[in-house]
Each structure stands twice: as structure tokens, then as C-alpha cells.
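Take a look at the structure below.
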Amino acid sequence: MLKLAKSDITLAQTASDKFEAIKNIANSLTNSGLVEQGYVEGMLNREKQNSTFLGNGIAIPHGTTDTRDMVKTTGVAVHHFPQGVNWGDDNTVYVAIGIAAKSDEHLGILKQLTKVLSADGVEQRLRDAKSAEDIIALLNGDVQLEAEFDASLVQLQFPASDMIQMSAVAAGLLKNTGCAGSEFVADLVSKSPTHLGNGLWLTGSDKQVSRTGISFVSTANDCEFEGEKVRGLVAFAACNNSHQGILGQLSKIVFDQQQEQLLNASVEQVLALLKGEPQAPATSDAGNSAVFKIKNTHGLHARPGAMLVAEAKKFESNIRVANLDGDGKEVNAKSLMKVIALGVKHGHQLQFSAEGPDAPQALESIGKAIAAGLGEG
């Protein structure tokens, strides 16, 4: 796992363009003893081949495979540009993370960074950082930017007979995942939730909360609270503002009268709806899914990852991908950060599912691009 030190961070930098920024970053890598003097040429060549801009004001300049033998020790140099640097295509970079990797260690670095940097609000926080400690805390994930919300926090069709049981289960999920303590559970159970319509309710508490999280519980039983049906409950444990995105998405669901869709959703669909992500298909038949093996020697680092995402973006269909040799979780194949965060190495198998008018064509085209090496031959 990447361990950042204050010596890895260079604050308050300026550069006329991305190539000047890359030269300065390469100089930091050289002065730190991570790379040999000529590594800068590999970094510049890599940038000319394909932009290393990741999104959210972040770039990850690094060398080519030809300059890998110039890396002495795997590490990074992080340069902070409060005024921003034009990285091309109207993209502005506020933090550039220069990577030196001897072999596949960079995939682990990328996986960690992309999981942190894909969070909403990180661009503003990094731009406004005042110290190396601020940046390290953000890059290490010590600052919570997204609320905890995954399959372990969703309980469907629990046989609850009243709102107290619903609240207890919702609170228990948050307690079991380490977001909150016993005081939170007691407070949530004693509260009167807010009815959002069509049997969907909302509740929350900030008592003894260590990390902000959300849980969702639904029931098939015919129970009521204050004369209204109880079919589902969304519960918040809040100690910061990282739940605001999901709260906004919930407001949109209520405004659009989509409570029924949420209440009848699968676990995966509940997560997608409340996170505002493209929904995974309810079912996947053989014609809309395919598995391809990655042949690239160094896996899906920035360049082949960008090529894969670019291929997926050519099609209208919703395309998702899972690393069968990783955690198996599906992500949006049109998001570079999500794809790189899969940590795909040489020989890993990726399962793609597509839903939409051009789904078969999309899978065929992605398969051909992977077979061709995603720009690396």
C-alpha cells in the first residue's frame, strides 16, 4: 500500500503548461533517488501518446515501458498547483502525481489513488489544501469524502412488523459496519421517521457516529406508522457532509415519484439508484455479456485503461465491467477512474455486460480492442 510522506509533496507550484509541470515532477523523482536522469523523456513521451489526466483535477504522469529500467525504487512525487495547469482538452489539473514503478506495483498505487480520487468534492479539497498533511490525508483516504454505502448496508424484505423493528435493523447495519455505536442505535429507534411517500421513510442521527453511512431496509409485511404504509426505510448516520450526494439523489427520486422503483429494486439497483450511477441490468443473458482476458504485459495502467474507456464511450448502451480475478464488483466501463481502480493485471479476465440498443456491437468492439492490445500492440 502506498505510504506518503511529507517529503513526497511539493506545494504551491506553477507551470505554463503540462510539459513544464511534468519536467518539474520528473526532477523531483530524480532528486528523491527514485529514477535515473533520463526518466523525464519517458514521462514526456507517455504524455504525447495519451493524456494522463484522470479527472477531478488530477493527472498521473508516468514513464513508458521503455524507461521502466530507469526506475530505481517505486514511489511518487506529488505536485500541488493551486492555480491549476492546462492539461489539454479544457482539462485543468490541481494535483499531479508523478509515478515511478519498476513493474506492476503501479497498478496497486493507481487502484488506491483512484478509489480516493473518484469521490465527489475531492477536486475542490485538493485545490484548497494548505499543507502537505492536508494532501496526504486526502490521498490516504483519511478524510471521508463519500458516505459508506454498499451491499452490507442493504437489507431487503426483512419481516418487520412495525417501524421500531425497521429502525432497529437499519441502525444495526450501520453499527455492524463500524459507522456508529450503541447510542446511535438507541437514538434512531426512539425517533419518528419522515414519510417520503408511497411507503418510503427517512430517518437519521448523529449520536456516537464515527463515519458517515447510509443503510436501506425494505419489508414485504403489511405494517403502518402514523396511519401510513411502511415499505422501506433509508437511515443516515452522519458526522460530516459526505452523505449530501446520496441525500440529494434521494430527493430527486422523491421529486420524480420514483419511490416504487427504489422499493422494488435489487440490492445492486438500490445502490445504483441512491448513488446516481447507471443501473446494472436486472438480468444478463449470454448475448449481452462477454469475458475477455487482458493481454497487456503491464495490465490496465493509464494508457490501455483510457483506450478501453474510449471504446466503451463510443456506444449508447450502459456498459459495466468486473474483474473476475479481483473483487468481482461491477463498475461503469465508461469511467477511467473506476476501470483503473479494478487493479487489472496481465492475464486477468474482465466480464463485460451491456444493456441498450447497441449492446452486442459494443461487446464485439470492446473484445476486438482488447485483443488488439488497447493501443500497445
Side-chain angles (χ1 to χ4, degrees), residues 18 22 38-39 41-55 59-71 74 87-89 91 97-111 113-114 288-317 319-354 358-377:
K18 64 178 180 178
I22 290 171
Y39 188 71
E41 297 303 324
M43 296 181 74
L44 294 172
N45 288 335
R46 168 63 77 197
E47 196 64 40
K48 292 172 183 176
Q49 291 171 358
N50 204 0
S51 175
T52 56
F53 180 76
L54 273 186
I60 49 167
H62 55 286
T64 60
T65 53
D66 295 338
T67 53
R68 194 176 293 272
D69 59 353
M70 303 181 86
V71 176
T74 296
W87 221 260
D89 298 323
N91 296 319
I97 305 165
I99 298 176
K102 293 178 68 66
S103 58
D104 284 340
E105 307 106 318
H106 67 298
L107 293 177
I109 294 173
L110 288 177
K111 186 173 182 179
L113 291 174
T114 51
N288 286 344
S289 67
V291 176
F292 305 112
K293 182 179 288 188
I294 295 299
K295 300 180 178 181
N296 301 66
T297 304
H298 301 291
L300 284 189
H301 52 89
R303 187 187 181 200
M307 295 291 287
L308 176 59
V309 170
E311 196 66 31
K313 286 183 175 179
K314 293 178 182 178
F315 299 92
E316 182 181 344
S317 294
I319 305 170
R320 299 181 68 82
V321 58
N323 183 1
L324 298 182
D325 296 292
D327 59 18
K329 293 181 180 179
E330 284 192 333
V331 301
N332 182 4
K334 297 180 181 181
S335 167
L336 179 57
M337 284 190 174
K338 299 290 186 183
V339 168
I340 290 179
L342 292 174
V344 181
K345 297 183 179 181
H346 172 74
H348 279 191
Q349 295 187 93
L350 298 185
Q351 179 171 313
F352 291 84
S353 60
D358 51 7
Q361 296 91 334
L363 294 178
E364 180 182 2
S365 182
I366 288 171
K368 288 180 178 178
I370 290 175
L374 295 169
E376 292 190 328

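- Annotation for M307: atom CE does not count as buried by contact number, only 12 or fewer foreign heavy atoms lying within 6.0 Å.
- In this structure, OG in S289 is found 14.0 Å from CZ in R320, a value given to the nearest 0.5 Å.
- What you find for N50 and A306 is that their closest heavy atoms are ND2-CB, 3.5 Å.
- Closest approach of H346 and T297 over heavy atoms only: CB-O, 3.5 Å.
- Checked by atom type, the side-chain pair S365/E311 shows a donor-acceptor distance below 3.5 Å.
- Atom CG in L342 sits 7.0 Å away from atom CG in D327 (nearest 0.5 Å).
- Heavy-atom minimum distance, A322 versus G328: CB-O, 3.5 Å.
- The environment of E316 atom CD is sparse: at most 12 non-hydrogen atoms of other residues, nucleotides or ligands sit within 6.0 angstrom.
- D358 CG to E364 CD: the interatomic distance, rounded to the nearest 0.5 Å, is 12.0 Å.
- Between L300 and L308 the shortest side-chain heavy-atom distance falls below 4.5 Å.
- Within the model, atoms CG of L44 and OH of Y39 stand 11.0 Å from one another, a figure rounded to the nearest 0.5 Å.
- When all heavy atoms of G299 and P304 are compared, the pair lying nearest together is O-CG, 3.6 Å.
- In this structure, the side chains of L350 and N323 come closer than 4.5 Å at one or more pairs of heavy atoms.
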- Message: Could you walk me through whether I319 and I366 satisfy the side-chain contact (heavy atoms from CB on, under 4.5 Å) test, starting with their C-alpha distance in whole Å, then the side-chain angles of each, then the deciding distance to 0.1 Å, before giving a yes or no?
- Response: CA-CA 10 Å; I319 305 170; I366 288 171; 4.0 Å; yes
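- At least one side-chain heavy atom of H62 sits under 4.5 Å from a side-chain heavy atom of T52.
- Side-chain N/O atoms of S353 and E330 include a donor and acceptor closer than 3.5 Å.
- Within the 4.5 Å cutoff, the side chain of N296 has no heavy atoms near those of the V344 side chain.
- Summarising the geometry of S317 relative to A359, their closest heavy-atom pair is OG-N, 3.1 Å, with the distance given to 0.1 Å.
- V331 places a side-chain heavy atom less than 4.5 Å from the side chain of V321.
- No side-chain donor-acceptor contact under 3.5 Å links K102 to the backbone of T74.
- Note that NZ of K48 and NZ of K18 are 10.5 Å apart. Values are rounded to the nearest 0.5 Å.
- Nearest heavy atoms, L363 versus N288: CD1-C, 3.3 Å.
- A distance of 8.5 Å separates CG in D325 from NZ in K293, rounded to the nearest 0.5 Å.
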